[in-house]
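Below you'll find the structure, written out as structure tokens, and then a few comments.
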Amino acid sequence: MERKVRVRFAPSPTGPLHIGGVRTALYNYLFTKKLGGDMLLRIEDTDQTRYVPGAEQYIIEALEWIGIKFDEGVHVGGKCAPYRQSDRKDLYKQYADQLITFGWAYYAFDTAEELEVLRKQYESEKKNFQYDCNTRLGLKNSLTLSAEETEKQITSGNPYVIRFKFPANTEILVQDLIRGDVRMDSNLLDDKVLFKSDGMPTYHLANVVDDHLMEISHVIRGEEWLPSAPLHVMLYKAFEWEDTMPQFAHLPLLLKPDGNGKLSKRDGDRLGFPVFPLQWQDPKTQEISSGYRETGYFPEAVVNILAFLGWNPGTEQEMFTMDELIQAFSLDRISKSGAKFDLEKAKWFNHQYVLQKTAKEIAELFMPILKDKGINSSMEYVEQVCSLSKDRVNFVNELWEQASFFFISPDSYDEQVVKKRWKEDTPAHLQKIIEIIGNTDFEKQILHDTIISYIEQNQLNMGQIMNCLRLSLVGAAKGPDLFEIIMLIGKNETISRITKAINTIK
RNA sequence: GGCCCGUUCGUCUAGCUGGCCCAGGACGCUAGGUUUUCAUCCUAGAAAUCAGGGGUUCGAAUCCCCUACGGGCUACCA
């Protein structure tokens, strides 16, 4: 049976979406679009205690920035609406009840405190407590209580949860598109809570019910879900939805570049690179975490970086547009082991995109930064500056550091260069050059030739004069072609800067 | 502790159906070249005894087993 490909990205609004989540969304997107399928955004907010205001909006904005388009979802609607689990709350109970009716689940009345005591007790005996087929018969639930007692507990308003009843002695097979067949022994699995005492389903129930109702064909998610995949498989079986059970693909995790462990939200800016797509301010602590967007990464670059963290096309091509990625993507080229984020490579990718963009595109992004610095240059001028300088930076916001001299005369001069190049007779020669510039046609080639011939005629050291001239105009030994700079800043400014240098240095 | 997943240059990885691999590419690094500067760019180089040990085989990074290490999960969180 050919089924329409439908995937979903289903984050919890517990804070800013972390970059690993963005990658998961991206892989889902690439996969489904390659196959002409649908992409849905579902918000899994079944844990009211962890709800963070603004997080949902953040997720939507981040995904939009990165360039992932949704066919259905909280923000765009669709035939399976609503797409927010809290708005679907009333829907889940009947499914939990259905499971109970058919003996796949049971009510449990043990309080969190009671279970905690049990866990402590087991721990002190170096054992591990688990609510499972070995222990459930000794606990307070509808399996051990009589029907009347169970009924009484429920009607009297005592809090209860609904747990999945894992069958004993069963081997559960999870067929993973990335990892192959994974088998687990049902005796080792615990009876997970499906329905909480607050009337909300847990992830496991809501996830399976919604994926079924939304006709999801493939579940592509992080590897942290692999251990609970057997439960999900069993739920499909219990609901008799096996025919349309989605195929699973568990993605390798994104690891911390230093040390070990998976990259977490907590890592923040400790590692020198953002872990969030967009900047985020914690509504409670006001603490700000940097984002890729604000740091200066292009969304295309982030997509390219993320795509290569755990996947590769099998060719030598490294630069990919979103469309190219969609064409090239396939699940079987995803690696199995976790990937560490490489900051240097990330910068290199961004640099490649700076290179690719036109001076005009870069200028448009540089303009606001200039405004911030109090510079009011024309677009034409900024564009020319960018055309000369953009290849030298990884990020647009590094342009100021690299090209500020195009806008303001240097206030200081690199001491190293002064020490090495600025000699007794330098001012006199520069004075001559001022004259040359003043009296020669203000044209790049002519100016160049005239100054060079001056140097040659006087048998001067080329580097000496040229470097001092550069020092006067730029303030340091950096920047593009000297004559390009002169042409751009103009005759008067050039002369005034040289004069200023002569009067200032030494 | 238990269960599950993983392990090729510092990093991302190619290699998956065994010989073309004394392991290829990219980032980074080093050295040259271009640029009279810096950066870009170009070229070259160092860099993995394919986690270790056993098999299978004429032949293994590639197949099997064991061990070690790393990671994930083990909540009325997702």
Side-chain angles (χ1 to χ4, degrees), chain A residues 10-14 44-47 49-50 108 110-112 115-116 119 122-123 126-131 159-163 174 176 178-180 182-185 187-190 192-204 206-207 221-230 250 252-253 255 257 260-262 305 308-318 332-333 335-349 351 354-355 389-394 398 402 414 417 421 452 455 461-467 469-471 474 476-482:
Chain A
S12 292
T14 56
E44 310 222 327
D45 57 345
T46 53
D47 186 357
T49 64
R50 294 213 304 161
D110 323 81
T111 65
L115 293 175
E116 192 49 40
R119 281 198 186 91
Y122 270 67
E123 207 176 304
K126 294 251 195 248
K127 284 193 293 186
N128 201 37
F129 172 75
Q130 201 170 263
Y131 211 120
Y160 66 88
V161 300
I162 295 174
R163 285 180 181 274
V174 177
D176 189 279
I178 294 171
R179 276 149 228 289
V182 178
R183 289 161 217 281
M184 305 233 207
D185 179 355
N187 293 333
L188 270 10
L189 267 12
D190 66 325
K192 280 269 182 292
V193 171
L194 299 177
F195 200 82
K196 299 184 274 189
S197 58
D198 65 358
M200 278 291 215
T202 59
Y203 169 84
H204 307 294
N207 185 258
R221 74 234 293 195
E223 195 187 356
E224 70 267 25
W225 291 109
L226 192 52
S228 51
H250 290 93
L253 266 16
L255 273 18
N260 298 303
K262 84 169 164 172
I305 292 164
F308 272 71
L309 242 35
W311 173 87
N312 78 83
T315 66
E316 306 267 90
Q317 185 180 350
E318 293 220 84
D332 54 27
R333 293 207 64 87
S335 48
K336 295 184 176 74
S337 50
K340 289 179 182 171
F341 187 91
D342 185 345
L343 179 60
E344 293 306 322
K345 187 102 186 213
K347 287 182 189 165
W348 177 82
F349 266 116
H351 177 72
V354 172
L355 256 37
S389 309
K390 76 183 182 69
D391 293 1
R392 325 167 76 81
V393 298
N394 293 143
E398 289 173 350
Q402 208 55 238
D414 189 313
V417 184
R421 305 286 192 185
I452 294 297
I455 293 171
N461 181 330
M462 278 262 250
Q464 200 71 26
I465 298 303
M466 296 302 263
N467 279 302
L469 184 51
R470 174 177 293 279
L471 187 68
V474 175
K478 65 173 185 186
D481 184 88
L482 203 42

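Below, read A as the first sequence line, B as the second, and so on, with proteins coming before strands; counting in each chain starts at 1.
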#### Entry: C73(B) phosphate, OP1 or OP2, under 4.0 Å from Lys262(A) side-chain N/O
yes
### Query
OP1, OP2 of G1(B) versus side-chain N and O of Asn128(A): anything below 4.0 Å?
no
### Query
Looking only at atom P, what distance separates G25(B) and A46(B), rounded to whole Å?
11 Å
### Query
Contact class for Gly310(A) (heavy atom, under 4.0 Å): base, sugar-phosphate, or nothing?
sugar-phosphate
### Query
Counting side-chain heavy atoms from CB outward, which of C77(B), C12(B), C5(B) is closest to Arg179(A)?
C5(B)
### Separation between the C1' atoms of U8(B) and A23(B), rounded to whole Å
8 Å
#### Entry: Closest-nucleotide ordering on RNA chain B, the 5'-leading residue of Ser12(A) and Pro252(A)
Pro252(A)
### Query
Could you give the NE2-to-P distance, from His351(A) to C41(B), as a whole number of Å?
4 Å
### Query
To the side chain of Arg50(A), which of C77(B), C4(B), C76(B) is closest?
C77(B)
### Query
Looking at U37(B), G71(B), C77(B), which one has an atom nearest to any side-chain atom of Arg470(A)?
U37(B)
### Query
Checking all strands, does Asp190(A) fall into the base, sugar-phosphate, or nothing category for heavy-atom contacts under 4.0 angstrom?
nothing
### Query
Trp225(A) vs Tyr203(A) aromatic rings, parallel, tilted or perpendicular, using cut-offs 30° and 60°?
parallel
### Task
Can you figure out which of U74(B), G72(B), C76(B) approaches the side chain of Arg163(A) most closely?
C76(B)
### Message
I want to verify a distance call: between A26(B), C4(B), C76(B), whose nearest atom is closest to the Lys345(A) side chain?
### Response
A26(B)
### Query
With a non-hydrogen cut-off below 4.0 angstrom, is Gly314(A) in contact with a base, only sugar-phosphate, or nothing?
nothing
### Message
Any side-chain N or O of Thr46(A) below 4.0 angstrom from OP1/OP2 of A78(B)?
### Response
yes
### Query
When all nucleic acid strands are considered with a 4.0 Å heavy-atom cut-off, which category describes Thr14(A): base, sugar-phosphate, or nothing?
nothing
### Query
If you measure from the C1' atom in A14(B) to the same atom in A68(B), how many Å do you get, rounded?
26 Å
### Query
Distance check: side-chain N/O of Arg333(A) vs OP1/OP2 of U13(B), anything under 4.0 Å?
no
#### Entry: Beyond-backbone contact of Gln402(A) with Lys478(A), side-chain heavy atoms, under 4.5 angstrom
yes
### Query
Which part of the nucleic acid, if any, lies within contact of Asp110(A), taking any heavy atom under 4.0 Å across all strands shown: a base, the sugar-phosphate backbone alone, or nothing?
base
### Query
Does Ser228(A) have a side-chain nitrogen or oxygen under 4.0 Å from the phosphate oxygens OP1 or OP2 of C73(B)?
no
### Query
Expressed as a whole number of Å, how far does the P atom of G24(B) sit from that of C50(B)?
14 Å
### Message
Can you tell me which nucleotide in C73(B), C77(B), G6(B) comes closest to the side chain of Pro227(A)?
### Response
C73(B)
### Gap in Å between the two C1' atoms, one belonging to U43(B) and one to U62(B), rounded
34 Å
### Query
To the side chain of Lys340(A), which of C76(B), A78(B), U11(B) is closest?
U11(B)
### Message
What's the closest nucleotide to the side chain of Asp342(A) if the choices are A78(B), U74(B), G10(B)?
### Response
G10(B)
### Query
Which nucleotide in the list C27(B), C76(B), A78(B) gets nearest to the side chain of Val193(A)?
C76(B)
### Message
Can you tell me which nucleotide in G28(B), G72(B), C12(B) comes closest to the side chain of Ala339(A)?
### Response
C12(B)
### Summary
d(Met200(A) CE, Lys196(A) NZ) to nearest 0.5 Å is 7.0 Å
#### Entry: 5′-ward residue of the pair Phe308(A)/Ile178(A) relative to RNA chain B
Ile178(A)
### Query
What are the two closest non-hydrogen atoms of Gln130(A) and Leu189(A), and how far apart are they?
NE2-C, 3.6 Å
### Message
Assess whether a salt bridge exists between Lys192(A) and Asp190(A), defined as any Lys/Arg side-chain N lying under 4.0 Å from an Asp/Glu carboxylate O.
### Response
yes
### Task
Would you mind reporting whether Val354(A) and Asp391(A) have side-chain heavy atoms less than 4.5 Å apart?
no
